[in-house]
Visitor: 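Can you read through this structure? Questions will come right after.
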There are 2 protein chains.
Amino acid sequence: MAGDTRERIMESARLTVQDLGYGGLSFRELAKDVGIKSASIHYYFPTKGDLGEAILGRYIDRYAAFLEGLLEAGTEPGALMRHYTDMFRATLLNGNRLCLAGMLSAERNELPAEICAEILRWGEMNESWIARVLALQGTGDPADFRPRAAAVFAAVSGAQMIAHGRHDVALYDDVVAAYRASGLIP
Amino acid sequence: MAGDTRERIMESARLTVQDLGYGGLSFRELAKDVGIKSASIHYYFPTKGDLGEAILGRYIDRYAAFLEGLLEAGTEPGALMRHYTDMFRATLLNGNRLCLAGMLSAERNELPAEICAEILRWGEMNESWIARVLALQGTGDPADFRPRAAAVFAAVSGAQMIAHGRHDVALYDDVVAAYRASGLIP
DNA sequence: ACCTGAACACCGTTCAAGT
DNA sequence: ACCTGAACACCGTTCAAGT
């Protein structure tokens, strides 16, 4: 089946980067997992940076589609934000993994420029979606909620990161609950 | 002067890890910076993990002392938290670096257990300090403010991480301002 | 179109050998 | 006490060679 090898390279690489980081991704281990030689990976992705850009680009597109679907299915801010925080929670449950973009954010100073550009796009996408949700409960344009949306995005990302660092999903739950109690998250 | 080489190894290593991550720290580059051969580093730190544990341990001790000093010098929660958020801001200003513990939190799934234990200590230290500050403006024991303190710690850590990922200090400022506006941070 | 072995300059680590 | 060169198994990348 066409494109199957490329597909399996991307899937295995994504899972590894979310687990061990970009620096922890080895072409030789990756090739072993897919069942080819490490030199063959370069046929699909000339450099490690190309592979990183490809998996992050698709990661963003898929979550953008998922979030778009949530907005089409419901308009209650509390329920929408619950789905949003559950999304980050599920990543922790899957082998204490970190959001792909969050992991790459930490490593950004040693990443090629194309990946850094995708990290920006991840933030823009998340913040614009949250701003639309916040606009549902108040009056005004989603653009007016952009600063607070950035705060919600940063707060949820941070909760995931420290819970990942301490390998403690309950900590994520407690922190997110405190965000809600403080009124930061609807 | 005794211990000078060891000192310079630790300082150079810390700056590199906060910049490029634990995986981005190379013994050969580090040795070049200090002016010795890479094999000599193992005389001071048998393994890379030992070096990581040493620099994180000292990092935590120093910030603990700094924060303790703040609490001895003032009791106004707003001013204390301003110093706290400025501390994370200064790290971004220093070459877009990340908090050492935050960087290692992201990479934790490929770190030795001793470093993971220090990551826990970093969180405990920050949360207990924030809880003491929060207790200054309300009634009750610092322990009562522990959940909210964890939320403040996660939120500030997250703001630093996404600002680091986008190489944008203004984003950090905006997010922290939104935290204050929402009432999460005094 | 897709894959490979071999080579290259890197990496942390070990160790016998130096002073 | 402190440092080193050489070796080891790793790393991403390149390239000529295969089918």
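When reading the values below, keep in mind they use all heavy atoms of this one structure, side chains included, and skip hydrogens, waters and symmetry mates. We name chains A, B, ... by the order of the sequence lines, and we start the count at 1 in each one.
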Visitor: Rounded to the Å, how far apart are A/L30 CG and D/dT13 P?
Guide: 12 Å

Visitor: Using whole Å, report how far CZ of A/R6 lies from C1' of C/dC3.
Guide: 16 Å

Visitor: Taking atom P in both D/dC2 and C/dA17, compute the distance separating them and give it to the nearest angstrom.
Guide: 22 Å

Visitor: Rounded to the nearest angstrom, tell me the gap between atom CG in B/D50 and atom C1' in C/dG12.
Guide: 13 Å

Visitor: For B/M10, is there any backbone N or O sitting under 3.5 Å from a side-chain donor or acceptor partner on B/Y44?
Guide: no

Visitor: For B/E110, enumerate each residue passing the side-chain hydrogen bond (donor to acceptor under 3.5 Å, both in side chains) test, keeping only those at least two apart in sequence or located in another chain.
Guide: none

Visitor: Measure from the side-chain N and O atoms of A/Q160 to the backbone N and O of A/C99, and report whether any donor-acceptor pair falls under 3.5 Å.
Guide: yes

Visitor: Between C/dG12 atom P and B/F27 atom CZ, what is the distance in whole Å?
Guide: 6 Å

Visitor: Any ion pair linking A/E11 and A/R8 (charged N to carboxylate O, less than 4.0 Å)?
Guide: no

Visitor: Could you work out, with ring-ring contact (aromatic ring centres under 6.0 Å, His included) as the rule, every residue matching A/F27, not counting sequence neighbours?
Guide: A/H42

Visitor: Hey, is the main chain of B/R97 close enough, under 3.5 Å, to the side chain of B/D19 for a donor-acceptor pair?
Guide: no

Visitor: Report, one pair per line, the protein and nucleotides 4-7 of chain D atoms (nitrogen or oxygen only) whose separation is under 3.5 Å.
Guide:
from: D/dT4; atom 1: OP2; to: B/K37; atom 2: N; distance (Å): 2.8
from: D/dT4; atom 1: OP2; to: B/S40; atom 2: OG; distance (Å): 2.9

Visitor: Give each protein N/O atom lying under 3.5 Å from an N/O atom of nucleotides 17-19 of chain C, with the pair distance.
Guide:
none

Visitor: Between A/W122 and A/Y59, what is the ring plane arrangement, given parallel below 30°, perpendicular above 60°, and tilted in between?
Guide: tilted

Visitor: Under 4.0 Å between any heavy atoms, over every strand shown, what does B/L25 touch: base, sugar-phosphate, or nothing? Just pick one.
Guide: sugar-phosphate

Visitor: Inspect the contact between B/E124 and B/R121 and indicate whether a charged nitrogen and a carboxylate oxygen are less than 4.0 angstrom apart.
Guide: no

Visitor: Take B/R132 and B/E68 through the side chain to side chain contact (heavy atoms under 4.5 Å, CB included) test and state the conclusion after the steps.
Guide: CA-CA 11 Å; B/R132 286 161 71 196; B/E68 200 59 42; 3.0 Å; yes

Visitor: Tell me the interatomic distance from B/E29, atom CD, to C/dG12, atom C1', rounded to whole angstroms.
Guide: 14 Å

Visitor: With the side chain of B/T5 defined as its heavy atoms from C-beta on, choose the nearest nucleotide among D/dC3, C/dT14, D/dG12.
Guide: D/dC3

Visitor: Do the side-chain N and O atoms of A/Y84 and A/N126 include a donor-acceptor pair separated by under 3.5 angstrom?
Guide: yes

Visitor: B/K48 has a side chain; which of D/dG12, D/dC3, C/dT13 sits nearest to it?
Guide: C/dT13

Visitor: Check the distance between C/dA1's C1' and A/Y44's OH and give it to me in whole angstrom.
Guide: 8 Å

Visitor: Under the rule for side-chain hydrogen bond (donor to acceptor under 3.5 Å, both in side chains), what residues qualify as partners of B/R6, not counting sequence neighbours?
Guide: none

Visitor: Would you kindly give the CD-to-P distance between A/E110 and C/dC10, to the nearest whole Å?
Guide: 16 Å

Visitor: Do NZ/NE/NH1/NH2 and the carboxylate oxygens of B/R58 and B/E7 come within less than 4.0 Å?
Guide: yes

Visitor: Hey, is the side chain of B/S26 poking within less than 4.0 Å of OP1 or OP2 on C/dG12, counting only N and O atoms?
Guide: yes

Visitor: As a check on the pairing definition, encode DNA chain D in dot-bracket form, counting Watson-Crick and G-U wobble pairs whose two distances are under 3.5 Å, and using | for partners outside this strand.
Guide: ||.|||||...|||||.||

